[in-house]
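Every value quoted in this text rests on a predicted model; they were computed, and no experiment measured them. Lettering follows sequence order; numbering is per chain, from 1.
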Amino acid sequence: MPSMQGLEQRLASWAGLERGPRPQDLTARLHRAEDVPAAVAELCAAGMALATLVATDEEATADRDLKLRYIFEPASHSLRPLPDIFVTLLASLDPARPELPSIAVEVPAANWHEREAQDLFGIVFSGHPDPRPLVVHDGWPKGRYPLRKKFEAGQRPPVEPAEEFPHLLVEGEGVLEVPVGPIHAGIIEPGHFRFSTVGESVLNLEARLFYTHRGLEKRIEGMTTIDAFHVAERMCGVCSVAHGLGFCEAAEQIARIEVPGRARVLRTLALELERLYNHVGDIGNIAAGASYHYGTSAGLRMKEAIQQVGERFTGHRFLRGLLVPGGVRFDLSAELARSIEAAIAATAEALADLKERIENNPTVIDRLDTTGLLSLPDAIALGVTGVGARASGVDRDARRDHPHAAYGSTSDLEVVVVTESDGDVHARLNLRAAEARESMRLIRALLASLPSGPLRAAMPEALPPWGIGLAAIESPRGAAIHWLRSDAAGRVDRYHLRSASYANWPAVPLAAQTSIIPDFPLVNKSFELCYSCTDR
Amino acid sequence: MLTALLRSLRTGVVTIRYPDEPAQPPERFRGAPRVRPRAVITALPPPSVCPSGAIVGGAGQSRYAIDRGRCLYCGRCAEASLDGAIELGRQVELSARKRESLVVEVAPDAEGRAVALPGPPRGEDVAEQIRRTLGRSLQLRHLDSGSCNACDWELTALLNPVYDVRRLGIDFVASPRHADGVIVTGPVTRNLELAVRRTYQAVPEPRVVIAVGGCACSGGIVGRSYASAGGVAEVLPVDAFIPGCPPRPEAIIFGILLAVGRVTERQP
Ligand code: SF4
């Protein structure tokens, strides 16, 4: 690719360059952490975008440092077709005084990443515009950093007296503050929302998350690959396959294992079934947000039917337990293939019917159109991914841009990426319907192209020491970036998941600001983000 | 309107009849692992096969226990056992009123074969007052205390046309003040502990607490850590534990009915 060469030359003035973690990737070890902003500016100018930021505590290794890895991927139109590469900028920090300049102003997508590393590793990002705690909440003792290796996972520091969290306040005549959550009025996950409103219009919305922070990235450290896989699979309920797959692919990279073709197709099948049940269920949820109850029931029923056929295939309604590092555990019989085909046929019909009903119902459409706008420049600046991004015109999909599982292995399995341009709730609904249809096409193609052969390759119990694996998986909510490193014993040294929801959450308050308070549930459901895989 | 009506008529009734008719999980469904009666003790896999620490004991020890409250129902122990010494059950009605009842133990006899140990005495019967006031109509407030959302989505599924728990007089309400109890998913994270306590306190008495899923029952895969209390019982008095990762919708229905005394515990 054209600009890569020039980029390497420019980076070479600040950093030592090497290949990795994957053969096509580039890692730039910065000589000085202060040069992060300058190097980041070069990457951005070359059309790259921040995919994730991974902090590690390597104090106990020969390097005796904390490290930050800023991982970038090609994003700009000018780089099309987007090459499947990652560029890692690596900065080394003194564990006694870990400090470096923030890039959050120039790269808004880095905002939460930096605050997370501040809370969990004690890294100071000087010049960060909003250094309030993110992951640890009120009463967490100062100076304790749970993801430092010295911090023992079992410790439970007492809750210290704390002042009220400094929410952003909007002041002025007639401005009313409406606090909502963390416990909500429906069966949904917890988060706290502060609306500043005038009348019904939302002036500002602040979302405070990380209530469901379970410490899973700490928990997984020191586990064997197979045990850790079960945790990764449980980062999120409705993205179980996607997250399990990301962990597997990262571990398989480290172990240099080639997963058999049949297993890759079966994994892809599970991934598409997962996307399909999410998308049809989410269309029902959007209908619920618009008080169209027929649509809610129809959506839930479609979702149930796909989950049921998924359970016949994998033994689990969320398709857990099919994947295993090295391959899959269960095969697909001709009979199962037929029941999946039948479920797809029924879903195709029900979805077409529901979509038509929604489009022909002016009271519903009136709620969806121009509600919850997310502009293309905002979507790009925040690094939004998945449905939320594509509905605003961002033409990216990890299934095409970072091929995984069996995507792209035959021309039938090349994903047709759909985009919309309006960036409102209606666009996100249309996009889900279109992607659901594409999923069904892919599922049929997968069933038709199932290669014969073994279901799994032998996976060593211990990984080769100090290996790094990096995988991008298109989950139902967008691209999720998995970063895994093995320790000296071949167990998990560090695993970091940047879920699609993590990247997308900052877009929700922005989109809500173009709507009225009663439309917030609708806006929220049109993005349909998880808290669990954001908070981990 | 007319076409919608015709379509509904054509579809017919999709709602299942559970609990009047038993749950029918598919062939590959992985239920609770159990030691086959008279299995050779040395054929049992070591506790290290279990990713969630649900197995304790084994070789050289006097007992071997599987904690269904911690189990992920992954089936690895069954795969690793010799001669099918551990098999996966098909029962979904696993809920118990006491945490200890979820632990199933065996000990070797003189020939080194597994014999089931008697479980703890069954949980006390549901208080008469609870059965009388909540036994017919039960309004629950869902409380996510840090789940992975799989349990939450199964609670949502209870409201879909297939499971439709409202036919049993069970519903979910928006405010704890309108509720007869809380149904909790997740291990109770540090960041939610206060909200969990406050929500519970806002529910008028008599009230029930139902713990749904491995995390809520025991901390599950999350465990007890800087971020997690390690289960709902660490924070609230629990009336019924519903194990599973997540439990199937019928299993949750059974647990809810158990909490208010409408069904009794099944033998493990
Ligand atoms: S089925 Fe349960 S007890 Fe057996 S290995 Fe899996 S989690 Fe452990």
Which atoms of B/Cys151 are under 4.5 Å from chain A, going by heavy atoms: the side chain, the backbone, both sets, or neither?
neither
Which answer fits B/Tyr73, side chain, backbone, both or neither, if we ask what part of it has an atom under 4.5 Å from a heavy atom of chain A?
neither
Below 4.0 angstrom, N of the basic side chain to O of the carboxylate: do B/Glu87 and B/Arg34 qualify?
yes
Could you look at A/Arg219 and say if it's the side chain, the backbone, both or neither that has a heavy atom under 4.5 Å from chain B?
side chain
For A/Tyr294, is it the side chain, the backbone, both or neither that has a heavy atom under 4.5 Å from a heavy atom of chain B?
side chain
Tell me if the CZ atom of B/Arg167 is crowded by more than 12 foreign heavy atoms within 6.0 Å.
yes
Quick one: what part of A/Val159 sits under 4.5 Å from any heavy atom of chain B, side chain, backbone, both or neither?
both
Counting only heavy atoms closer than 4.5 Å, note whether A/Asp353 contacts chain B via side chain, backbone, both or neither.
side chain
Shortest non-hydrogen contact from A/Val135 toward A/Asp119:
N-OD2, 2.7 Å
Could you tell me which of B/Cys50, B/Pro161, B/Gly186, B/Pro176 has the largest number of non-hydrogen atom pairs under 4.5 Å with chain A?
B/Pro161
Would B/Arg28 count as a cation-pi partner of A/Phe313, with NZ or CZ less than 6.0 Å from the six-membered ring centre and within 45° of the ring normal?
no
Chain B interface, residue from A/Arg301, A/Glu233, A/Arg234, A/Met223 that has the most non-hydrogen pairs under 4.5 Å:
A/Arg234
Top contributor to chain B interface from A/Trp140, A/Phe210, A/Tyr531 [non-hydrogen pairs under 4.5 Å]:
A/Trp140
Among A/Arg144, A/His230, A/Gln307, residue most engaged with chain B (heavy-atom pairs, under 4.5 Å):
A/His230
In terms of heavy-atom proximity below 4.5 Å to chain B, should A/Asn285 be classed as side chain, backbone, both, or neither?
side chain
Ion pair present between A/Asp138 and B/Arg190, side-chain N to carboxylate O less than 4.0 angstrom?
no
Ignoring hydrogens and angles, tell me if any N or O in the side chain of B/Arg224 forms a donor-acceptor pair with the backbone of B/Ala229 under 3.5 Å.
yes
Under a 4.5 Å heavy-atom cut-off, does chain B meet the side chain of A/Thr314, its backbone, both or neither?
backbone
Sort A/Ile220 into side chain, backbone, both or neither according to what part of it lies under 4.5 angstrom from a heavy atom of chain B.
neither
Close aromatic pair by centroid cut-off 6.0 Å: A/Phe151 and B/Tyr226:
yes
Heavy-atom pairs under 4.5 Å with chain A: which of B/Leu192, B/Leu194, B/Leu159 has the most?
B/Leu192
Is atom CZ of B/Arg198 surrounded by more than 12 heavy atoms (other residues, nucleotides or ligands) closer than 6.0 Å?
no
Do A/His243 and A/Ser499 have side-chain N/O donor and acceptor atoms under 3.5 Å apart?
no
Hey, which of B/Asn160, B/Asn149, B/Leu143 has the most heavy atom pairs under 4.5 Å with chain A?
B/Asn149
Between B/Pro47 and B/Val56, is there a side-chain heavy-atom distance shorter than 4.5 Å?
no
Which atoms of A/Ala350 come close to chain B, meaning under 4.5 Å heavy atom to heavy atom: side chain ones, backbone ones, both, or neither?
both
Residue B/Val222 versus chain A: region with a heavy atom under 4.5 Å
both
Does A/Arg208 qualify as a cation-pi partner of A/Phe165, given the criterion of NZ or CZ under 6.0 Å from the six-membered ring centre and within 45 degrees of its axis?
yes
Let me know if B/Val188 has heavy atoms under 4.5 Å from chain A in its side chain, its backbone, both or neither.
neither
Under a 4.5 Å heavy-atom cut-off, does chain B meet the side chain of A/Leu322, its backbone, both or neither?
neither
In terms of heavy-atom pairs under 4.5 Å with chain B, the winner among A/Gly284, A/Pro157, A/Gly154 is A/Pro157
Under a 4.5 Å heavy-atom cut-off, does chain B meet the side chain of A/Tyr211, its backbone, both or neither?
both
Excluding sequence neighbours, so at least two apart, what forms salt bridge (Lys or Arg N to Asp or Glu O under 4.0 Å) with A/Arg312?
A/Glu335
Among B/Asp144, B/Ile170, B/Ile210, the one residue meeting side-chain contact (heavy atoms from CB on, under 4.5 Å) with B/Ile183:
B/Ile210
For the residue pair A/Gln308 / A/Tyr277, report whether a side-chain donor-acceptor contact shorter than 3.5 Å exists.
no
Any side-chain heavy-atom pair of A/His213 and B/Thr189 under 4.5 Å:
no
So which residue, B/Gly230, B/Ser175, B/Ser147, ends up with the most heavy-atom pairs under 4.5 Å with chain A?
B/Ser147
What part of B/Phe29 gets within 4.5 angstrom of chain A, counting heavy atoms only: side chain, backbone, both, or neither?
both
Please rank A/Thr224, A/Leu216, A/Ile226 by heavy-atom pairs under 4.5 Å with chain B and give me the top one.
A/Ile226
More than 12 heavy atoms from other groups under 6.0 Å of CD on B/Gln24:
no
Of the backbone (N, CA, C, O) and the side chain (C-beta and beyond), which part of A/Glu311 lies under 4.5 Å from a heavy atom of chain B, both, or neither?
both
May I ask you to name which of B/Pro51, B/Ala150, B/Ala174, B/Cys148 has the most heavy-atom pairs under 4.5 Å with chain A?
B/Cys148
For the residue pair B/Ile86 and B/Pro45, establish whether any side-chain heavy-atom pair is separated by less than 4.5 Å.
yes
Just give me the residue among B/Arg141, B/Glu27, B/Glu193 that pairs up with chain A most often, heavy atom to heavy atom, under 4.5 Å.
B/Arg141
If we define contacts as heavy-atom pairs under 4.5 Å, which of A/Arg317, A/Arg536, A/Gln155, A/Lys303 has the most with chain B?
A/Arg317
Between A/Arg320 and chain B, with a heavy-atom cut-off of 4.5 Å, which part of the residue counts as in contact: side chain, backbone, both or neither?
both
Per-residue contact mode, A/Pro182 against chain B (heavy atom under 4.5 angstrom):
side chain
